[in-house]
**Q** 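Dropping the structure in here first, questions after.
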Amino acid sequence: MLDANALRAHLHETAERLRATRGFELDVAAIEALEAERKAVQTRTQDLQNLRNTRSKAIGQAKAKGEDVAALMAEVAGIGDELKAREARLAAIQDQLAAIALVVPNLPDASVPIGPDESTNVEVKRWGQPPALDFTPRDHVDLGARNGWLDGDAAARISGARFTVLRGDLARLHRALAQFMLELHVREHGYLEVNVPLLVLPETMQGTGQLPKFEEDLFATQTGETRRYLIPTSEVPLTNLVRERIVEDAELPQRMTAHSMCFRAEAGAYGRDVRGMIRQHQFEKVELVSIVRPDESDAEHERMTRCAEIVLERLGLPYRRMLLSTGDMGFAAQKTYDLEVWLPSQGTYREISSCSNCGAFQARRMQARWRNPATGKPEPLHTLNGSGVAVGRALIAVMENYQREDGSIAIPEALRPWFDRDVIG
RNA sequence: GGAGAGGUGGCAGAGUGGUCGAAUGCGCCGGAUUCGAAAUCCGGUGUACGGUUUCACCGUACCGUGGGUUCGAAUCCCACCCUCUCCGCCA
């Protein structure tokens, strides 16, 4: 959510920036009309409330002195009906304004390249050399066919498309990757390990920006009257830990990591990445979330991205860092780096991590604040999230980059603590 | 799932339908006292929204949530949510 006061004060300018960067059309006319009415109705409502309060108090005082209150009662008589109508109208207007505000995307940072889609992303750096294989590399589906390691057919029978069953040493490798990442972030990068709920309430989803606009991307459950959603990433519960809280300065910055299941409906992805486990309804991710003071978020964004990069470097996986252009950024982000890992079978880099600085955007939706010692006043925090990294995709990357001609897979040095061998298959 | 108790400011904890945004204590901030500190004393100390003559004042809302009764609700009524205790079931 954008700052309400700033939006009001710079409505046309903001609308122009949203159009230029996001291709988002802000309904300026509707907002102006609602704002004008809101101001009139709110002022009138509060005047009426004030009148009612003062008169009611006078009645109480008069009664206490044993005076006749008939005249005072008559004065208040007409207020009730108008007040009720005004209050209802005000609530309706504020609901409409909120509904508009909740679907406006974040404004990109000035350093973000302007462009329509991923074609205008900018490569910032490259690390590592793609492995020189003297045979034609297989993709992870072919490699996974050995030993019943990766079984899409079984998963389809059980759960439908976009699920996989992992078995044996591949399941073990998958688990080792998650453990390795979690340990790295906890022991070396200073993150607090958190274990979070996977089902969350609608207001939680609204806090981080998945709702109300992207409901079709989510899996939902219904138990009686209560609706709960499966998290698409542990960013959601982790970030919402500060929802409706005022955090003291001494508690900042907060760095949290969680290993969790993630669930995505992938409603708009029919036909994309249907082969293998690149794009699944259910996958695992080690997430990084930082809650920081506003003036620290840029530096934290760089730091967080490095924490994700180190995962790939320790695993010896070649990658590049991309600065996303305005058209490719998520709804809540003001700046995003994607890490893309080399996949030999595709001869290209594929997304394995996304690190975003959301600025105050999520914090305003969540009412997540800190007490600024300089002013003594509560101010919105800044929130950041990043994958550190996607476990399923890391598994694919290890399989493909560490494959050998016979279809066996070498175990990266960093994962040896979880294995008694240096090769599987 | 059954039975009971309870949800009030950062915390603890009062609150007969009428100057209750809310006593008191603790905590915190400022000041006095002190060589300094402790103790003591004095003062201050919620959040959001709105208005304006915009760093100051004024107004409104908020006592779990949502409704209702009333001129007036923390207080009365209804529904829901949550927490705790005991029982049952269960990983």
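So that the names make sense, note that chain A is the first sequence line, chain B the second, and so on, each numbered from 1. Note that the structure is predicted; figures quoted are calculated from it, not measured.
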**Q** Would you measure the distance from the C1' atom in B/G72 across to the matching atom in B/A14 and give it in whole Å?
**A**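 Roughly 23 Å separates the two C1' atoms.
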**Q** Figure out the NZ/C1' separation between A/K377 and B/U45, and round it to whole Å.
**A**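 Going from A/K377 (NZ) to B/U45 (C1'), I get 13 Å.
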**Q** Taking the C1' atom of each, how far is B/G27 from B/G9, in whole Å?
**A**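 Looking at atom C1' only, B/G27 and B/G9 are 13 Å apart.
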**Q** Look at all strands and tell whether A/R86 reaches a base, only sugar-phosphate, or nothing, counting heavy atoms closer than 4.0 Å.
**A**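 Nothing: the residue A/R86, judged by heavy atoms under 4.0 Å, touches no strand.
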**Q** We want to know whether A/R321 and A/Y319 form a side-chain donor-acceptor pair, criterion being a heavy-atom distance below 3.5 angstrom.
**A**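 No, A/Y319 and A/R321 have no side-chain donor paired with an acceptor closer than 3.5 Å.
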**Q** Counting Watson-Crick and G-U wobble pairs only, both distances under 3.5 Å, name the nucleotide matched with B/G36, or none.
**A**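 B/G36 is unpaired by these criteria.
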**Q** Given the P atoms of B/G46 and B/G21, what is the spacing between them in whole Å?
**A**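 Looking at atom P only, B/G46 and B/G21 are 15 Å apart.
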**Q** Across all strands shown, which nucleotide pairs with B/A23 by Watson-Crick or G-U wobble geometry, both distances under 3.5 Å?
**A**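 Base-paired to nothing in any strand shown.
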**Q** Report the distance from atom CZ of A/R52 to atom P of B/G72, rounded to the nearest whole Å.
**A**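 Atom CZ in A/R52 sits about 7 Å away from atom P in B/G72.
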**Q** Considering only the C1' atoms, how many Å lie between B/G88 and B/G1, rounded to the nearest integer?
**A**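 After rounding to an integer number of Å, I get 7 Å for this pair.
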**Q** When you measure from the centre of the six-membered ring of A/F283, is the NZ or CZ of A/R264 under 6.0 Å away and within 45° of the axis?
**A**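 Cation-pi check for A/R264 and A/F283: fails.
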**Q** Determine which nucleotide pairs with B/A79, using a 3.5 Å limit on both distances of a Watson-Crick or G-U wobble pair.
**A**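 Result: B/U65.
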**Q** Taking atom types as they are modelled, is there a donor-acceptor pair under 3.5 Å from the base of B/G50 to the side chain of A/Q42?
**A**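 There is none.
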**Q** Between A/N5 and A/N50, name the one whose nearest nucleotide on RNA chain B is closer to the 5' end.
**A**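 First, find each residue's nearest nucleotide; the 5'-ward one identifies A/N5.
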**Q** Output a table of donor-acceptor pairs, distance under 3.5 Å, between side-chain atoms of residues 189-204 of chain A and any protein atom two or more places apart or on a different chain; print 'none' if there are none.
**A**
{"residue": "A/H189", "atom": "ND1", "partner": "A/H185", "partner atom": "ND1", "Å": "3.0"}
{"residue": "A/T204", "atom": "OG1", "partner": "A/R243", "partner atom": "NH1", "Å": "3.2"}

**Q** Please measure how far the C1' atom in B/A74 lies from the corresponding atom in B/G36, and state the result in whole Å.
**A**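 47 Å, rounded to whole Å.
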**Q** Base, sugar-phosphate alone, or nothing: which one does A/R8 contact when heavy atoms must sit under 4.0 Å apart?
**A**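 It contacts sugar-phosphate atoms only.
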**Q** Name the nucleic acid region contacted by A/K39, choosing base, sugar-phosphate or nothing; use a 4.0 angstrom heavy-atom cut-off, strictly under.
**A**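 If one applies the 4.0 Å heavy-atom cut-off, A/K39 turns out to touch the sugar-phosphate alone, with no base involved.
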**Q** Using atom CG of A/L72 as one end and atom C1' of B/U70 as the other, report the distance to the nearest whole Å.
**A**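 For the pair A/L72 CG and B/U70 C1', the rounded distance is 16 Å.
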**Q** What is the pairing partner of B/U60, taking Watson-Crick or G-U wobble pairs with both distances under 3.5 Å in any strand?
**A**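 B/U60 is paired with B/A48.
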**Q** What is the distance from CD1 of A/I246 to P of B/G9, rounded to the nearest Å?
**A**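 It works out to 13 Å between those atoms.
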**Q** Could you give the CD-to-P distance, from A/E379 to B/U47, as a whole number of Å?
**A**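 Rounded to whole Å, this separation is 12 Å.
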**Q** Could you tell me how far B/C76 sits from B/U8 if I compare only their P atoms? Round to whole Å.
**A**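 About 16 Å, rounded to a whole number of Å.
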**Q** Please give the distance between the C1' atoms of B/G68 and B/G17 as a whole number of Å.
**A**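 Each nucleotide's C1' atom is 15 Å from the other's.
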**Q** With a non-hydrogen cut-off below 4.0 angstrom, is A/R44 in contact with a base, only sugar-phosphate, or nothing?
**A**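 Counting heavy atoms under 4.0 Å across all strands, no contact is made by A/R44.
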**Q** Please report, rounded to the nearest Å, how far the P atom of B/U70 is from the CG atom of A/L83.
**A**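 Distance check: A/L83 CG to B/U70 P gives 15 Å.
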**Q** Looking at B/C55, which nucleotide sits across from it as a Watson-Crick or G-U wobble partner, both distances under 3.5 angstrom, or is there none?
**A**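 By the stated definition (distances under 3.5 Å), nothing pairs with B/C55.
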**Q** Take atom NZ in A/K84; do more than 12 heavy atoms of anything else shown fall under 6.0 Å from it?
**A**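 Count not over threshold, so no.
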**Q** Any N or O donor-acceptor pair linking the side chain of A/K57 to the base of B/G18 at under 3.5 Å?
**A**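 Per atom types, no contact qualifies.
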**Q** Select base, sugar-phosphate, or nothing to describe what A/N53 touches, counting heavy atoms under 4.0 Å on all strands.
**A**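 Sugar-phosphate contact only.
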**Q** Pairing check on B/A3: which nucleotide meets the Watson-Crick or G-U wobble criteria with it, both distances under 3.5 Å?
**A**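 In the structure as shown, B/A3 has B/U85 as its Watson-Crick or wobble partner.
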**Q** For A/D81, does the CG atom have more than 12 heavy-atom neighbours from other residues, nucleotides or ligands under 6.0 Å away?
**A**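 Not buried by this count: 12 neighbours or fewer within 6.0 Å.
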**Q** Ignoring backbone atoms, test whether A/R369 places a side-chain nitrogen or oxygen under 4.0 Å from the OP1 or OP2 oxygen of B/A48.
**A**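 Yes, within the criterion.
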**Q** Looking at every non-hydrogen atom in both residues, tell me the closest pair between A/T375 and A/E379 and how far apart they are.
**A**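 Taking A/T375 first and A/E379 second, the nearest heavy atoms are OG1-OE2, 3.2 Å.
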**Q** So which nucleotide does B/G30 pair with, by the Watson-Crick or G-U wobble rule with both distances under 3.5 Å?
**A**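 The base-pairing partner of B/G30, which may sit in any strand shown, is B/C42.
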**Q** In whole angstrom, give the distance that lies between atom CZ of A/R228 and atom P of B/C81.
**A**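 For the pair A/R228 CZ and B/C81 P, the rounded distance is 11 Å.
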**Q** Let me know the distance between CG of A/D249 and P of B/C28, rounded to the nearest Å.
**A**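 From A/D249 CG to B/C28 P: 17 Å.
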**Q** Around atom CZ of A/R275, are there more than 12 heavy atoms of other residues, nucleotides or ligands at under 6.0 Å?
**A**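 Enclosed: over 12 neighbouring heavy atoms sit under 6.0 Å from CZ of A/R275.
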**Q** Here's a test of your reading of the structure: between A/Q94 and A/I59, which maps to the more 5' nucleotide of RNA chain B?
**A**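 Here A/Q94 is the residue nearer the 5' end.
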**Q** How long is the gap from CE on A/M366 to CD on A/E244, to the nearest 0.5 Å?
**A**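 Going from the CE atom of A/M366 to the CD atom of A/E244 covers 10.0 Å.
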**Q** Would you measure the distance from the C1' atom in B/C26 across to the matching atom in B/G13 and give it in whole Å?
**A**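 11 Å, rounded to whole Å.
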**Q** In the strands shown, is B/A14 matched to any nucleotide by a Watson-Crick or G-U wobble pair with both distances under 3.5 Å, and which?
**A**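 Check on B/A14: unpaired, no WC or wobble geometry under 3.5 Å.
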**Q** So which nucleotide from B/G50, B/U47, B/U19 ends up closest to the side chain of A/Q61?
**A**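 Side chain of A/Q61 sits closest to B/U19.
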